[in-house]
Protein chains: 2
Amino acid sequence: MPTREADADGAPRTVTIQDVARRAGVSTATVSRAIALPDRVTEATRAAVFAAIRETGYTPNAAARSLRAKSTKMVLVLLPGIGNSFFTPVLNALEEVFTEGGYGVLIGYTRQSRSRETHYARVIRAGQVDGVLVVTGNVPRDEEFVSVPDTVPMSLMFSEIPGTEQFSVFDVDNRGASAEAVRYLIAQGHRRIAHIPGAEGGLEANERLGGYCDALREAGLPIDEALIWRGASNFDFASGDRAARDFFALADKPTAVFAAADEIALGFMRALKNGGVSIPGDVSVIGFDDTEYAVHYDPALTTMRQPRTEMGRLAAADLLRRMASARDGSPSTSKVRLPCELVVRESVRRMG
Amino acid sequence: MPTREADADGAPRTVTIQDVARRAGVSTATVSRAIALPDRVTEATRAAVFAAIRETGYTPNAAARSLRAKSTKMVLVLLPGIGNSFFTPVLNALEEVFTEGGYGVLIGYTRQSRSRETHYARVIRAGQVDGVLVVTGNVPRDEEFVSVPDTVPMSLMFSEIPGTEQFSVFDVDNRGASAEAVRYLIAQGHRRIAHIPGAEGGLEANERLGGYCDALREAGLPIDEALIWRGASNFDFASGDRAARDFFALADKPTAVFAAADEIALGFMRALKNGGVSIPGDVSVIGFDDTEYAVHYDPALTTMRQPRTEMGRLAAADLLRRMASARDGSPSTSKVRLPCELVVRESVRRMG
DNA sequence: TTGAAAGCGCTAACAG
DNA sequence: CTGTTAGCGCTTTCAA
């Protein structure tokens with residue numbers, strides 16, 4: 001509840017625009033104007049109003065303002081919420097830009113659950129937010145979301161919904177970047193290269209797998225299913241650990257491995273080292289993401305960096321722009337594909 | 001904006017409670033009741049209302065409801081926002097419990113900035129949230145926050161403000177847990193034990209330093225300032241890296257080090273290994289937190305676990321309770337101090 | 001430049 | 001059990 005001030009009988013009462021108006025000797029309309037359009041009132045009026053605001057400790061009530069203005073100045077950020085810290089810098093950047101732009105950030109974790117998606121669809125339809133940012137590989141499948149873009153601007157980060165035009169999309173060229181990572185391995189003299197794909201069925205995971213195949217094909221190398229260690233349920237340590245079992249089970253081992261995410265790479269490396277395999281001595285590893293931990297691991301992980309903070313900033317700025325111009329028709333959406341960057345560290349060895 | 005339906009002339013219009021009432025042949029009050037207190041209307045009325053809701057695609061407008069009910073069903077979660085992924089599971093747990101309880105989660109990163117604190121104080125005073133959870137070592141110093149607990153319930157996580165009663169507090173016994181960590185080192189035969197404190201001036205960092213000293217004193221060991229490597233600006237890798245310089249500069253090296261956070265420990269270990277120092281062969285390291293990465297590092301980090309998820313759940317449940325009973329006077333606050341747990345892994349060696 | 005008045009969509013008294 | 005009525009606090013025409 002808003003600020004209160006003592007009543008005549010000592011009972012606390014919330015300070016409203018009425019109180020300010022009375023105190024400043026003007027109408028409520030003038031107080032409202034002095035706040036929203038300071039140029040539209042005389043110098044003297046403005047001073048009187050702001051003095052009254054200070055004296056009363058007035059803060060405009062958000063609900064009343066939203067109801068009247070039909071805008072809540074809030075955005076909904078939807079995350080997968082699998083406990084992955086990949087999104088920490090993204091959320092950080094989003095919060096920064098949105099707050100700067102005068103918007104609050106409501107977060108929601110979809111957890112791949114239908115009921116949670118329905119819940120957040122309802123939040124949107126209740127007019128609780130002016131825009132939506134979906135930061136997840138798994139875009140909500142709820143039918144309710146289909147109607148969302150008609151009501152508030154919505155953007156996608158890190159993955160797109162092919163064939164749609166109503167969202168802004170901010171992602172990277174997962175396929176191209178993965179191919180580049182594998183090309184680097186090839187350039188270092190590796191010929192037998194394995195891949196640990198990400199979460200089965202996800203668009204990003206598929207794209208990265210595609211890039212891996214592209215690079216192999218380009219170089220005239222065979223694509224060997226025995227070297228594609230599927231079964232990841234997520235972009236996490238456990239999936240890397242699981243892949244290590246495939247590695248150990250294999251007679252003819254690869255000299256290098258491309259993991260679809262840093263955490264997968266780290267989990268894999270740890271398991272290999274436990275098994276007495278040296279990295280990059282015996283096998284080289286390259287990751288994807290450039291998470292905080294990549295550089296601090298031993299050996300420091302060579303990886304493809306996704307510009308997470310920059311993507312967050314750009315996506316937020318775009319949504320801000322679209323929300324601002326939402327009243328005059330559907331503002332144009334953007335498709336921004338940022339470049340990844342190979343970060344060479346210590347986990348890949350040059351062959352022969 | 002809320003759901004819309006085509007008007008007579010095709011223009012989209014938002015569906016209001018009026019539309020539902022008209023369609024169901026009842027008054028708006030009855031619709032409101034059918035939704036909020038289903039038992040207070042006849043079976044037939046309820047059916048008619050829900051049918052009308054379904055047919056129109058009605059979703060109650062959040063702003064109107066908040067304005068009238070003087071409750072937004074939202075909480076503000078304030079994080080430090082230094083990009084630290086320590087808070088990822090905490091935020092996850094909070095979101096889960098709050099959503100379950102029918103509350104939305106608005107996040108804010110204070111970034112130790114005065115202006116941002118003022119901003120969020122204003123959000124609270126604007127009545128935008130029904131409760132506040134401060135998840136940070138640095139509690140807002142803004143005067144505006146002083147008045148907050150009178151208006152909405154507020155809780156603190158991970159650190160307290162000594163001498164205050166108006167907040168619920170969920171934390172761990174940083175001092176006791178740290179002493180326990182150092183006692184473990186002593187029990188393993190270590191006598192010359194160093195400490196890397198956390199962010200200078202923070203309550204938690206001080207407590208952990210205090211615990212370190214306690215354990216040393218208990219064992220009759222001297223407290224040597226040369227073994228307390230101050231200067232951390234944060235609980236991060238960089239601080240561990242920085243401490244490694246002190247280590248290398250020292251002639252008479254310690255056999256064990258207690259780092260005030262896992263990330264500090266990891267940064268320190270990495271720097272030592274780079275310098276050819278073996279862990280735990282040459283020096284043992286123990287951390288604090290039990291972050292996701294502790295177990296996957298090489299060597300896996302022995303550390304004191306803070307029950308982050310559980311703390312998040314409990315804190316959220318407590319705030320939920322307090323918000324529910326906020327109308328009838330100031331509900332009682334809780335002080336919950338959860339136990340930490342020593343997780344023994346590979347980074348500490350048993351001496352001679 | 002300012003004020004009066006209407007009303008955003010909903011809930012809560014109060015009658016009936 | 002249901003309807004009527006008032007009004008939450010604010011912004012925005014419309015007139016003056």
Side-chain angles (χ1 to χ4, degrees), chain A residues 1-5 13-49 52-53 56-73 122 125-128 130 151 327, chain B residues 1-5 13-49 52-53 56-73 122 125-128 130 151 327:
Chain A
M1 290 186 211
T3 323
R4 287 140 179 277
E5 77 174 353
R13 244 193 64 253
T14 70
V15 176
T16 75
I17 199 169
Q18 293 275 7
D19 301 314
V20 177
R22 208 165 4 242
R23 185 155 201 140
V26 297
S27 72
T28 60
T30 299
V31 174
S32 180
R33 267 186 225 109
I35 295 171
L37 314 102
D39 321 324
R40 287 262 245 279
V41 297
T42 59
E43 170 82 46
T45 313
R46 206 184 318 143
V49 168
I53 288 176
T56 54
Y58 170 69
T59 309
N61 177 283
R65 189 173 262 184
S66 298
L67 179 57
R68 192 59 239 241
K70 295 196 173 316
S71 150
T72 58
K73 291 285 181 183
R122 210 182 307 276
R125 306 201 332 170
Q128 235 176 112
D130 294 346
T151 144
R327 53 203 66 198
Chain B
M1 287 182 211
T3 323
R4 287 141 178 277
E5 77 174 354
R13 244 194 64 253
T14 68
V15 177
T16 75
I17 200 170
Q18 294 274 7
D19 301 314
V20 177
R22 206 163 8 239
R23 185 155 202 139
V26 297
S27 71
T28 60
T30 299
V31 175
S32 181
R33 266 184 227 113
I35 295 172
L37 313 101
D39 320 325
R40 288 263 247 277
V41 298
T42 58
E43 170 80 48
T45 311
R46 206 185 317 145
V49 168
I53 288 177
T56 54
Y58 170 69
T59 309
N61 176 283
R65 190 174 261 184
S66 298
L67 179 58
R68 191 62 240 238
K70 295 197 172 318
S71 150
T72 58
K73 291 286 182 183
R122 209 181 309 277
R125 306 200 332 168
Q128 233 176 114
D130 294 346
T151 144
R327 53 203 66 199

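A quick note: this is a predicted structure, and the numbers were derived from the prediction, not measured. The chains referred to below are lettered A, B, ... by the order of the sequence lines, with proteins before strands, and numbering in each begins at 1.
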Value for OG1 (A:T59) from CD (B:Q128), rounded to nearest 0.5 Å, stands at 11.0 Å
Applying side chain to side chain contact (heavy atoms under 4.5 Å, CB included) to A:R46 and not counting sequence neighbours gives A:P38, A:V41, A:E43, A:F50
Across all chains, not counting sequence neighbours, the salt bridge (charged side-chain N to carboxylate O under 4.0 Å, His left out) partners of A:R22 are A:D19
Applying side chain to side chain contact (heavy atoms under 4.5 Å, CB included) to A:A29 and not counting sequence neighbours gives A:S27, A:R33
Shortest non-hydrogen pair, A:A21 vs A:V31, comes out as CA-CG2, 3.7 Å
Taking five pairs at each terminus, the helix from C:dT1-D:dA16 to C:dG16-D:dC1 shows an axis bend, to 10°, of 30°
Taken in chain and number order and not counting sequence neighbours, the residues that satisfy side chain to side chain donor-acceptor pair (under 3.5 Å) with A:S32 are none
Value for CZ (A:R65) from CD1 (A:I17), rounded to nearest 0.5 Å, stands at 8.0 Å
What one should report as the nearest heavy-atom pair of B:A24 and B:A52 is CB-CB, 3.8 Å
Within residues 33-45 of chain B, the residues having a heavy atom closer than 4.0 Å to DNA chain C are B:R33
For A:P60 and B:A126 the tightest heavy-atom approach is O-CB, 3.4 Å
By nearest-nucleotide position on DNA chain D, the 5'-leaning member of B:A64 and B:S27 is B:S27
Sorted by chain and number, sequence neighbours left out, side chain to side chain donor-acceptor pair (under 3.5 Å) with A:T72 holds for A:D130
Distance col, row A:I35:CD1 vs A:I53:CD1, nearest 0.5 angstrom, shows 4.0 Å
Contacted region of DNA chain D by chain A, from 5' end to 3' end of the hits, cut-off under 4.0 Å to heavy atoms, spans D:dG9 to D:dT13
Outer limits of DNA chain C sitting under 4.0 Å from a non-hydrogen atom of chain B, read 5' to 3', are C:dG9 to C:dA13
Hits for side chain to side chain donor-acceptor pair (under 3.5 Å) against A:T16, two or more places apart or cross-chain, chain-then-number order -> none
